[in-house]
Every structure is written in structure tokens, then in C-alpha cells.
Participant: 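Before we start, here is the structure in question, set down as C-alpha cells.
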Amino acid sequence: MFKSHGCGELRLAHVGTDVKLAGWVHLRRDFGGVIFIVLRDRAGVVQVVVSADVSADARAAAAEVRSEYVIQVEGTVRRRPDDQVNPEWLTGEIEVEARSVQILNTSKTPPFYIYDDGAVDEALRLRYRYLDLRRARMQRNIILRHRAVQFIRQFMNAEGFLEIETPYLFKSTPEGARDYLVPSRVHPGKFYALPQSPQQLKQLLMVAGFERYYQIARCFRDEDLRGDRQPEFTQLDFEMSFVHRDDVLDVVERMFTAMVPEVTPHKRVVSPFPRLSYAEALDRYGSDKPDLRFGLELTDLTEVLSASEFRVFQEAAANRGQIKGIVAPGCAVYTRRELDELTEIAKREGARGLVTLALAPEGPKGPAVKFLTEGEISVIAEKLGATEGDLICIVAAERRVVAAALSALRLTFRDRLGLVDPDLIAFGWVLDFPMFEWNAEAERWDAAHHPFTWPRPHTYEEMIADPAAVLSDAYDLVCNGWEIASGSIRIHDPQVQSDIFRILGYDPADAKAKFGHMMEAFSYGAPPHGGMAPGIDRLLAILADEANIREVIAFPKTSQATDLMADAPAEVPDQLLRDLHIRIDNES
RNA sequence: GGGGGCGUAGUGUAGUGGUUUAACAUGUCGGCCUGUCAAGCCGAAGAUCGCGGGUUCAAAUCCCGUCGCUCCCGCCA
């Protein structure tokens, strides 16, 4: 072994110990006769003192050393004099007096600082990802991820789940995200698809009688990226037989409630997780993934303002729309410019405008004041619980737009007013999703979650009577405003499954080709089952205080889905394409 | 597919009201230095201002195009 200890693990207790260390040169301070080297390895950093008095050879070697050289040091752990303790460091009470310094490898000057987590151009970080990963922030995040995943494995194992792998080369399924395809060499013109999730396979594992399955599964979706979306991402995919909805929720709730204090002790989990119906989430927060760390809930004013003379309100009420508002505490002083920005946010979500009422000391102010009676204004303020100094924001439009606009404003105030404790982890369940969604463009019903979800009323007659009213046993877990997991109790009855396909308008022959294996499997004694799939990347981003899941993935893609380090995707030799029976059409 | 932001020594930034030898910090290289801890002091090198084209007497600066990174909308059952 090159080393007897990790650099960062040395403490006062090691004083007097002879140690062999190996790592990277973090910083170097050369005084001529004495050279300080801050040596770094995975465990952390420690100060090495190389004195000419101790070893002329060691001093000579240390003088050659530069940032990020890989060196080996042999020496003795020594207590630092009281006035030279570095309280910033875990190893700050000691130092290693070097007897020998060996250069194991040199390094070019790195393209950015390793010892500092300061901002560096994203493209440069990704091009030199292996250097970026050396930096404290990424080391911390990747190690945190390891600990979280290990916790999950131990927890799931203890709960009686079996870890089972499923294929990456599988079959494209209709709907959902665009698939990543893999051409078949053996079967010209045919393609595998990388799984968007192991959904079908885990259900088949339930049919197979494993009862409890889990997998830290890579999933692939060929859609445009966002801060919370990468083309490949990782889920804790699990499925359970002979359970009801609450049994599934219970596993996840216990797991995360135990995990957070274990891997991030400075974070506080709100427990038990609040439960909201989908309808309630939209009603109170305007979103199906509400940030539950703060209030600022939406209040419905449709009824109290239905008789208003104000045309904006009249129209909304007349068109079966809604009038809702939120209160921004202390924001009555907002300038014209700030109010315009709020209006822009509302408009971006489809609202035609935003009604603002500033409760200034001299009375209510705002462009709509002249259209409202004093009585109406006081009813609004009372309903919303607004007091002097507050800013009221009202959107009147169709339900969807009202929800989207006020939700966006709510998050804007969250950020501007600093309404959340960054160390709060606020999980919440969103339940009772609708089974179907009307797809106006295609003029048909789509599955709101996926077509394998168990509908509450499950006879064809009950469902077709009013598809919009059919709720399902689908559920989401949200955390700090992110959708963190999604799942459902599945259909295990082939009759119900074919009824769902019928309502979704699948051509029976087509459904058989796409899902025949599922239908057939269900006809061989499929147990009632359900499951869920928490997104590991998103959860880790929240725990690591990162806004982008890139920061918790060792080798992520850019927002254009490229790998700047390896330069992928890339062209391939013609022969490879010929083997795959593929010709490139440069026209399209 | 659409919209916004960014691109200037290795890195992070300033300069963007047209006329500079393109500034500052840090890093790099050399020198001094035996107790520093983002060491200090002295000295040096380092930038065709992302790329291409245009306007002009004159472009880092204005215009057009293009590339890259990023955020958002669409998309993501």
C-alpha cells in the first residue's frame, strides 16, 4: 500500500504515529528552508511540513512539487503549537513532519482551481469532469449520493425486497417520452428501446411471484433537458404484491424519514408527510408539486366577486373560470417595475393580466381600484387575510391558468422574500389523481399516469359514463416543490386492462402487439400489486442544496444532451452503420 | 421547435457612450525567504476580446450569421 492513513482522518490521537500518506498536492507554501504542502485525498486535507533540517532530500523533492502532483509522504504526526492551530480544518490541530517526499506523478497546471469551489464556466467543468470531481463540492455530493444509495439498499433489504436487475435492451412502448433506440444487427430494421422505466418488467416480476422487488435503475428518456431532467437518470424502482396504496406510501415514508437524518443530519424532515388530494393541491397551491415549506396559499374569491361590476372578474365568473388571489406580505411598497415583473410572470402562464392591490397606509392602490367598490376591496382583503403593507395579487381566468399563474407567483415570492428555511425537507403526498385526461388536440382520453394504473371505479360502464371524474390509485411524492416520486396500484385484472385500452382508444390489434405479453401474463394469476419510483438524482440534489441534478451525477450531459468530455454523441465508422443496416439521411 | 442570459490572458471579472500599449485579481514561470495556512515581497511571461462576415477613417464595443454553455416555454404517460 502507498498509504497507512487517509490525509483527512488524522487527529490529535495520532500524534507520535509514523504515517505514510499519498494524495494530491492541494496547496504549497515554499519558505525556502521549510515547505508546507497541503496534501489532499478522499478523506480530506492535512498539512505536511517539509523541513531542510529533517531531510535535505525531502526538502529538495518538495521544492519540485506543484499543484495536483501526486506524491507520497512518510513522516510523523505532530501536535501543532497552540498559536498555529487551524480551527477551519478537522486536521487543524496536527501536522505531519515529513522524513521523505516522493513524487509519484506530475500534473499539468489544471484549467481551473481544484482547491476552490468558485464558479467556473460550465463547459470547462464538464470537459474536465474528472478534475471538477476532485473539487470539494463534487466530492461531497458524490459521497453523499453513495451514502444515500447504500442506506436505501439496506432499508429495502431489511424490508424484504429483492434486488433484481432488468434489461436495458427492451422494447419501445407507445405514448410517454420519446425512446432511445438501439438498432439490431441481427434483425435488420428492428430496434430495441432503452427503458423509460422498468415499469412492465417490475409488474411481470410480481406475476413471477417475487412479491417485493427493487432496483437502483437507470432510466432513459429522449426529451429536452431541464435542471431536474437528464436523458439518463436513476430511480429507486420498486414494486410490491398484495398491498394497498397506503402500504406502498408507508415504505417510502419510513425510508426517507429515517434516511435524511442519517445522511444529512443538518436537515429537518417534516413528519408525518402531509397528504393532499390532487384536487386539493391544485386548489391550495395551484400545482401538483407544491412547495410545502411555506404558506402563501391561494384563496378562492370567485363566489364573493361573482357580482362585481369589474369586467375582468365578470368574464371569468361567466365563463366558468375562477378568481383567486394570494397575499405577498409587506409588498405594498413594490414599484411599478416590480409589479410589471409580476404581471409578466402571470402572463407567461397564460393569464391576460394580473390584478394587484397594494394595501398602502393611505388606502388601497392599484389599477383596478377604480373598478371595485370599497366593500369588494374589504371583502377581498378579509378573505385573503391581508393587512396594511401587504400586496394582493388576483388572477381571473380559466381554472388551469389561474392555478399556473398564482403558483408561479407564489414561487416568485418564495424566492424574493426568502420564505423558506433551506434546511427544511418538506415531503408531501399528492393522491387521488384523475385516471384520464382529455387530449383536446387528438380528441381522445389519455392516461394521466400510465395505462396500467388501477382505476377506482373499474367497470367499463362506470368509467365510460364520465371518464373525467374517474380517480385512480396513482400517487406522487413531492419534496420542496420537486416531484420526487410517482407510483400507483396497478391493474392486475386483464379485463380491466383491456377496458382501459378501449377507453384510451387503442386499436385492439395494436394493443395486443404492444402489450400482448402483459395481458397474457395477467391471465396467469397476477397478484394485486403496486409500486413507486423515487428519483434518486432529484432527491440528492435537494439534500445537497443543488439546483441542478447535474451536480449529483458524476458524468452528466449538457443541456444539449452531449458529453463534452468524451464528445458524445459522435459519428461512427461506416462499417458499423452497415452492420446495423442504417443509412444516414442528411436531408432531414 | 421557440424565447432570455452569457462567451475578453490558464481561471474569475472590468472595459461595451467608436479612436488603449485591452485593465484588475488570482494562477503560471524566475528570484528571496525556516512557521505559513488562499503565506509574503521582487521580477517576468501570458489575450489575434468564441468563430466568420459586414458597416466605418477606426470595432472587444455597432449589424448579420454561426458555434458553445446556461435558464425557461413546448416536450417529459
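Labels below follow one simple rule: chain letters A, B, ... track the order of the sequence lines, proteins then strands, and each chain is numbered from 1.
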Participant: When rounded to the nearest Å, what value does the distance between P atoms of B:C71 and B:G52 take?
Facilitator: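 Roughly 28 Å separates the two P atoms.
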Participant: Residues of residues 473-492 of chain A with any non-hydrogen atom less than 4.0 angstrom from an atom of RNA chain B: list those, numerically ordered, please.
Facilitator: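 Those residues: none at all.
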Participant: Taking atom C1' in both B:A47 and B:A9, what distance in whole Å separates the two?
Facilitator: 5 Å
Participant: Answer yes or no: side-chain N or O of A:R66 and base N or O of B:G27 forming a donor-acceptor pair under 3.5 Å.
Facilitator: no
Participant: Scan A:S559 against the nucleic acid and name what it touches under 4.0 Å (heavy atoms): base, sugar-phosphate only, or nothing.
Facilitator: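 Here A:S559 touches the bases of the nucleic acid.
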Participant: Using a cut-off of under 3.5 Å, enumerate the N/O to N/O pairs linking the protein to nucleotides 44-50 of chain B.
Facilitator:
none

Participant: Give A:G227 one of three labels, base, sugar-phosphate or nothing, depending on what nucleic acid heavy atoms sit under 4.0 Å from its own.
Facilitator: sugar-phosphate
Participant: Which protein N or O atoms sit under 3.5 Å from an N or O of nucleotides 35-37 of chain B?
Facilitator:
unit_1 : atom_1 : unit_2 : atom_2 : d
B:G35  : O2'    : A:Q84  : NE2    : 2.5
B:G35  : O6     : A:R78  : NH2    : 2.9
B:G35  : N1     : A:R78  : NH2    : 3.3
B:G35  : N1     : A:E95  : OE2    : 3.0
B:G35  : N2     : A:Q84  : OE1    : 3.1
B:G35  : N2     : A:E95  : OE1    : 2.5
B:G35  : N2     : A:E95  : OE2    : 2.8
B:G35  : N3     : A:Q84  : OE1    : 3.1
B:U36  : O2     : A:R29  : NE     : 2.7
B:U36  : O2     : A:R29  : NH2    : 3.2
B:U36  : O2     : A:Q47  : OE1    : 3.4
B:U36  : N3     : A:Q47  : OE1    : 2.9
B:U36  : N3     : A:Q47  : NE2    : 3.0
B:U36  : O4     : A:Q47  : NE2    : 2.7
B:C37  : O4'    : A:R29  : NE     : 3.2
B:C37  : O2'    : A:R29  : NH1    : 3.4
B:C37  : O2     : A:N86  : ND2    : 3.3
B:C37  : N3     : A:R80  : NH1    : 2.7
B:C37  : N4     : A:R80  : NH1    : 3.4
B:C37  : N4     : A:Q84  : O      : 2.6

Participant: Could you work out the separation of B:A38 and B:G27 based on their P atoms and round it to a whole Å?
Facilitator: 12 Å
Participant: So which protein N/O to nucleotides 12-15 of chain B N/O distances come out below 3.5 Å?
Facilitator:
unit_1 : atom_1 : unit_2 : atom_2 : d
B:G12  : OP1    : A:D121 : N      : 2.6

Participant: What is the distance, to the nearest angstrom, from the CD atom on A:E68 to the P atom on B:U28?
Facilitator: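 For the pair A:E68 CD and B:U28 P, the rounded distance is 11 Å.
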Participant: Indicate, yes or no, whether a donor-acceptor pair under 3.5 Å links the base of B:C75 to the side chain of A:R221.
Facilitator: no
Participant: Suppose you measure atom C1' in B:C6 against the same atom in B:G12; what distance do you get, rounded to whole Å?
Facilitator: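 After rounding to an integer number of Å, I get 14 Å for this pair.
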Participant: Do A:S486 and A:D476 get their side chains close enough for a donor-acceptor pair, meaning under 3.5 Å?
Facilitator: yes
Participant: Say we look at B:U13 and B:G7: how far apart would their C1' atoms be, to the nearest angstrom?
Facilitator: 13 Å
Participant: Nearest whole Å is fine: how far is B:U70 P from A:D224 CG?
Facilitator: 13 Å
Participant: Output side-chain donor-acceptor pairs under 3.5 Å for residues 226-235 of chain A, partner residues at least two apart or in another chain, one line each.
Facilitator:
unit_1 : atom_1 : unit_2 : atom_2 : d
A:R229 : NE     : A:D224 : O      : 3.4
A:R229 : NH2    : A:D224 : O      : 2.5
A:Q230 : OE1    : A:K557 : N      : 2.8
A:Q230 : NE2    : A:K557 : O      : 3.0
A:E232 : OE1    : A:R218 : NH1    : 2.8
A:E232 : OE2    : A:K557 : NZ     : 3.3
A:T234 : OG1    : A:R145 : NH2    : 3.3
A:T234 : OG1    : A:R218 : NE     : 3.3

Participant: Within the structure provided, determine whether A:F436 and A:I500 are in side-chain contact (heavy-atom separation under 4.5 Å).
Facilitator: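 When only atoms from C-beta onward are counted, A:I500 and A:F436 do touch, with a gap below 4.5 Å.
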Participant: In whole angstrom, give me the gap between the P atoms of B:C49 and B:G10.
Facilitator: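 Looking at atom P only, B:C49 and B:G10 are 12 Å apart.
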Participant: Could you work out the separation of B:U28 and B:U11 based on their P atoms and round it to a whole Å?
Facilitator: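 Roughly 14 Å separates the two P atoms.
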Participant: Among residues 407-417 of chain A, which contact RNA chain B at a heavy-atom distance under 4.0 Å?
Facilitator: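 Here the set is empty: none.
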Participant: For the P atoms, the ones on B:A58 and on B:C67, what distance do you get once it is rounded to whole angstrom?
Facilitator: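 Approximately 29 Å lies between the P atom of B:A58 and that of B:C67.
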Participant: OP1 or OP2 of B:C69 less than 4.0 angstrom from a side-chain nitrogen or oxygen of A:T562, does that happen here?
Facilitator: yes
Participant: Given that A:N548 and A:S67 both sit by RNA chain B, which one's nearest nucleotide is further toward the 5' end?
Facilitator: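 Result of the comparison: A:S67.
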